[in-house]
Amino acid sequence: MANYVTLIPLRGGSKGIPRKNIRIVNGKPLFYYVAQASLSIGLKTVVSTDDKEIKHKSLELFNNLEVIDRPEVYALDNSSTEEVIEHYLSLDNKVKNIILLQATSPLTTSGDIQKSIELFEKNNFKPLISVVNCHSFIWSKDGIPQNYDPKNRPSRQDWD
């Protein structure tokens, strides 16, 4: 696991759900779950944040977690995740592989991370990205269904 570093971007200024990364979910801050999954399998785990409270909370919960201060220019509404990764790489240019974990995926387990590493190494996937197959019902402004017939609603198996 020495060739891997987990990077968790935790911006303080979320607009959709203010302070979402430290909102309490099942007794812990939202980011706790992905950080714990990474640390529990011995991965170097780094939080990138622009926020003093997130930094404090990260270090309070995990003594083996590294926190880097993210410059404001990489913490704006229009800042990209790629910019956060580039900033981290400018500080640690020896890292070979970054595992990017989002706090908003708290159901990610250490097993998920291990399986991803195995897939990455076995198949030489570059990059390896996880996604969710999702189907949404779309309606017009007039309330007319656009992608399905409500009288013949598709089942979950039809989406897979």
Side chain to side chain, Ser48 and Leu7, heavy atoms closer than 4.5 Å:
yes
Crowded around Gln146 CD? As in, over 12 foreign heavy atoms under 6.0 Å?
yes
Of all heavy-atom pairs linking Phe125 and Leu119, the shortest is CD1-O, 3.7 Å
Interatomic distance, Gln114 atom CD to Leu43 atom CG [nearest 0.5 angstrom]:
8.0 Å
Consider only side-chain heavy atoms of I, L, V, M, F, W and Y, link residues closer than 4.5 Å, and tell whether Ile98 and Val84 are in one cluster.
yes
Minimum heavy-atom separation for Leu128 and Ser116, please, with both atom names.
CD2-O, 3.0 Å
A side-chain contact here means heavy atoms from C-beta on lying under 4.5 Å apart; do Pro145 and Asp149 qualify?
no
Pro29 and Leu61, any side-chain heavy atoms less than 4.5 Å apart
yes
CD1/Ile24: more than 12 non-hydrogen atoms of other groups inside 6.0 Å:
yes
Closest approach of Gly12 and Arg19, non-hydrogen atoms and distance?
O-NH1, 3.3 Å
Atom pair OG (Ser79) and NE2 (His87), whose distance is rounded to the nearest 0.5 Å
11.5 Å
Step by step, would you call Asn97 with Ile117 a side-chain contact (heavy atoms from CB on, under 4.5 Å)?
CA-CA 10 Å; Asn97 301 296; Ile117 291 171; over 6 Å; no
Would you indicate whether the side-chain heavy atoms of Tyr88 and Arg70 approach each other to under 4.5 Å?
no
side-chain contact (heavy atoms from CB on, under 4.5 Å) for Val67 and Thr49? Distances and angles first, verdict last.
CA-CA 7 Å; Val67 178; Thr49 188; 3.9 Å; yes
If you define the side chain from C-beta out and look only at heavy atoms, does anything of Ile113 sit under 4.5 Å from Leu101?
yes
With heavy-atom distances below 4.5 Å as the criterion, would you say the side chains of Glu121 and Asn3 are in contact?
no
Pairwise side-chain contact, Arg11 with Asp50, heavy-atom cut-off 4.5 Å (strictly under):
yes
Should Val46 and Val5 count as side-chain neighbours, where that means a heavy-atom distance under 4.5 Å?
yes
Shared hydrophobic cluster, Ile54 / Tyr74 (ILVMFWY, side-chain heavy atoms < 4.5 Å):
no
Quick check: closest heavy atoms across Ser105 and Thr108, and the distance to 0.1 Å?
O-OG1, 2.9 Å
If you round to the nearest 0.5 Å, how far is CD1 of Ile17 from CZ of Arg23?
7.0 Å
Please step through side-chain contact (heavy atoms from CB on, under 4.5 Å) for the pair Glu66 and Asp92, ending with a clear verdict.
CA-CA 12 Å; Glu66 182 181 331; Asp92 181 358; over 6 Å; no
Could you measure the distance from the CD atom of Glu86 to the CG atom of Leu91? Nearest 0.5 Å is fine.
12.0 Å
Verify the cluster assignment for Leu65 and Tyr4: are they in a single hydrophobic cluster under the rule of side-chain heavy atoms below 4.5 Å apart?
yes
State plainly whether one hydrophobic cluster holds both Ile99 and Val95, where clusters connect Ile, Leu, Val, Met, Phe, Trp and Tyr through side-chain heavy atoms under 4.5 angstrom apart.
no
Can you tell me how far the CG atom of Leu100 sits from the CD1 atom of Ile85, to the nearest 0.5 Å?
5.0 Å
With rounding to the nearest 0.5 Å, note down the distance linking NZ in Lys20 to CG in Leu30.
8.5 Å
Show, in sequence, the C-alpha distance, side-chain angles and deciding distance for Lys57 and Glu60, and conclude whether the salt bridge (Lys or Arg N to Asp or Glu O under 4.0 Å) test is met.
CA-CA 5 Å; Lys57 193 57 93 174; Glu60 176 185 299; 3.6 Å; yes
Which atom pair, heavy atoms only, marks the closest approach of Asp77 to Lys15?
OD2-CE, 3.0 Å
What side-chain donor-acceptor pairs closer than 3.5 Å can you find for residues 31-42, not counting sequence neighbours?
residue : atom : partner : partner atom : Å
Tyr33   : OH   : Val25   : O            : 2.4
Tyr33   : OH   : Asn26   : O            : 3.2
Ser38   : OG   : Thr6    : OG1          : 2.8
Ser38   : OG   : Thr45   : OG1          : 2.6
Ser40   : OG   : Gln36   : O            : 3.2
Ser40   : OG   : Ala37   : O            : 3.0

